Amino acid sequence: MKLTLTEPRLLKEPINTISELVNDVKLSIDKDKVELIAIDPSNVAMVVFRLLSSAFVEYQVTGKVDISIRLDGLKQVLKRAKPSDTLILQLDEDKRRLKLQLNGETSRTFNVSLLDLEQKEQKIPDLKFNARIEMNSITFDEAIQDMDIISDSVSLTVDEKKFSIASEGNISDGLVEITDDSGALISMDKKEPFKARYSIEYLKKIIKGSRLADKVIIQFDKDYPLKVDYILKDKLQLSTILAPRVENY
């Protein structure tokens with residue numbers, strides 16, 4: 001196996017984001033993609049990451065390769081990658097290590113030990129969403145950060161022309177309204193407005209994916225999981241599915 005990436009951020013930024021939710025993971029590498037599917041220890045969030053073979057300048061994989069690794073160690077190495085570096089990934093099966101080479105002004109080589117994990121295959125749930133909002137990822141970031149000063153959860157509300165992010169605390173409340181006039185694309189299967197509530201603690205981790213893409217796709221339904229997607233066409237997809245907080249509003 002030899003994978004060569006001239007844009008290290010395509011692996012560096014997703015791993016930084018994913019490591020906020022999970023640590024010990026399995027990477028599945030086949031002829032089409034590098035894939036990671038994992039659930040956080042509290043069973044509140046599932047993360048799905050795919051880095052497509054078309055994102056690499058060299059992609060040599062024979063058959064399917066599964067490697068288990070601790071993201072903390074991988075993240076520390078990737079932090080040393082400069083934007084101008086070329087990243088080469090190779091598997092040392094005999095020593096059970098992942099070799100990472102950073103080529104730039106110098107050539108630096110790191111070896112990260114692999115884990116022996118007995119992990120069951122994670123299946124991505126087949127979810128049907130009522131609403132889909134595509135909007136500027138920084139705008140969504142700022143809305144979550146605004147509501148973070150109010151409470152530990154947010155309510156998402158949508159109608160045909162407006163997407164609202166609100167939070168309510170003991171002594172204060174806040175509201176961010178995003179309309180289709182701002183460039184957001186809002187679509188709904190059903191026309192009636194609805195609301196769902198989610199944890200800000202998790203959302204603050206999820207929105208770090210905005211470093212990857214200018215746009216974010218948000219899908220949800222009443223008292224239903226939330227799906228947040230960051231996509232770079234022909235390169236990668238980083239998706240997180242977050243369980244709702246079901247309670248009386």
Side-chain angles (χ1 to χ4, degrees), residues 1-43 45-124 205-206 208-209 211-213 230-232 234-240:
M1 182 192 90
K2 185 177 182 182
L3 313 179
T4 304
L5 198 59
T6 55
E7 294 181 84
R9 75 180 191 94
L10 298 182
L11 186 61
K12 178 180 179 177
E13 296 299 349
I15 293 301
N16 283 343
T17 302
I18 295 166
S19 66
E20 295 280 336
L21 297 167
V22 295
N23 192 14
D24 296 348
V25 302
K26 182 176 76 173
L27 294 173
S28 296
I29 305 163
D30 61 24
K31 63 182 180 64
D32 299 316
K33 64 189 177 301
V34 177
E35 182 177 68
L36 182 159
I37 304 172
I39 297 177
D40 85 295
S42 299
N43 290 314
M46 168 179 272
V47 61
V48 180
F49 170 58
R50 296 187 179 103
L51 184 57
L52 304 182
S53 60
S54 52
F56 296 83
V57 295
E58 182 180 14
Y59 194 86
Q60 297 179 12
V61 179
T62 303
K64 185 181 178 184
V65 179
D66 289 331
I67 61 175
S68 296
I69 197 164
R70 184 158 288 149
L71 292 186
D72 281 349
L74 180 59
K75 180 172 69 171
Q76 293 305 316
V77 173
L78 292 174
K79 277 184 178 179
R80 303 304 304 156
K82 301 174 183 177
S84 58
D85 284 340
T86 295
L87 171 63
I88 301 173
L89 304 171
Q90 292 176 288
L91 182 61
D92 185 338
E93 295 190 47
D94 293 333
K95 295 184 178 179
R96 297 286 299 155
R97 301 186 306 185
L98 180 65
K99 177 182 174 183
L100 297 96
Q101 188 171 338
L102 299 173
N103 291 335
E105 294 179 359
T106 60
S107 179
R108 293 162 288 155
T109 302
F110 304 86
N111 292 289
V112 179
S113 295
L114 302 182
L115 303 175
D116 291 316
L117 292 182
E118 291 294 332
Q119 290 188 336
K120 65 179 182 180
E121 204 74 26
Q122 300 289 357
K123 292 186 178 180
I124 303 171
K205 297 174 180 179
I206 292 167
K208 292 184 178 181
R211 298 168 185 161
L212 286 165
Y230 297 97
I231 297 171
L232 280 178
D234 298 327
K235 292 186 177 180
L236 65 80
Q237 177 178 353
L238 177 62
S239 304
T240 310

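Here, residue 1 is the first one in the sequence, and each next residue gets the next number. Keep in mind that what you see is a predicted model, and the values were worked out from it rather than measured.
- Using a 4.5 Å heavy-atom cutoff, the side chains of Lys208 and Asn16 are not in contact.
- The stretch residues 87-96 participates, sequence neighbours left out, in these salt bridge (Lys or Arg N to Asp or Glu O under 4.0 Å) pairs: Asp92-Arg97, Arg96-Asp116.
- The closest side-chain heavy-atom distance from Leu87 to Leu102 is below 4.5 Å.
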Test side-chain contact (heavy atoms from CB on, under 4.5 Å) applied to Val61 and Asp30, step by step: CA-CA 6 Å; Val61 179; Asp30 61 24; 5.6 Å; no
Enumerate donor-acceptor pairs with a distance under 3.5 Å from any side-chain N or O in residues 1-10 to protein atoms, sequence neighbours excluded.
from : atom 1 : to     : atom 2 : distance (Å)
Thr4 : OG1    : Glu58  : OE1    : 2.9
Glu7 : OE2    : Lys235 : NZ     : 2.8

Could you go through Val48 and Gln237, starting from their C-alpha distance and side-chain angles, then the distance that decides it, and tell me whether this counts as side-chain contact (heavy atoms from CB on, under 4.5 Å)? CA-CA 8 Å; Val48 180; Gln237 177 178 353; over 6 Å; no
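- In this structure, the side chains of Leu89 and Leu11 come closer than 4.5 Å at one or more pairs of heavy atoms.
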Ser28 vs Lys64, test: side-chain contact (heavy atoms from CB on, under 4.5 Å). Steps then yes/no. CA-CA 7 Å; Ser28 296; Lys64 185 181 178 184; 3.9 Å; yes
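- Listed by first then second residue, pairs satisfying ring pair (Phe, Tyr, Trp, His ring centres under 6.0 Å) with a partner in residues 50-75 read Phe56-Tyr59, not counting sequence neighbours.
- Listed by first then second residue, pairs satisfying side chain to side chain donor-acceptor pair (under 3.5 Å) with a partner in residues 78-88 read Asp85-Arg108, not counting sequence neighbours.
- With sequence neighbours excluded, no residue forms a side-chain hydrogen bond (donor to acceptor under 3.5 Å, both in side chains) with Thr17.
- Within the 4.5 Å cutoff, the side chain of Gln101 has heavy atoms near those of the Ser107 side chain.
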Test side-chain contact (heavy atoms from CB on, under 4.5 Å) on Asn23 and Arg70; report intermediate values, then the result. CA-CA 6 Å; Asn23 192 14; Arg70 184 158 288 149; 3.3 Å; yes
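- Under the ring pair (Phe, Tyr, Trp, His ring centres under 6.0 Å) criterion, Phe49 pairs with no residue at all, not counting sequence neighbours.
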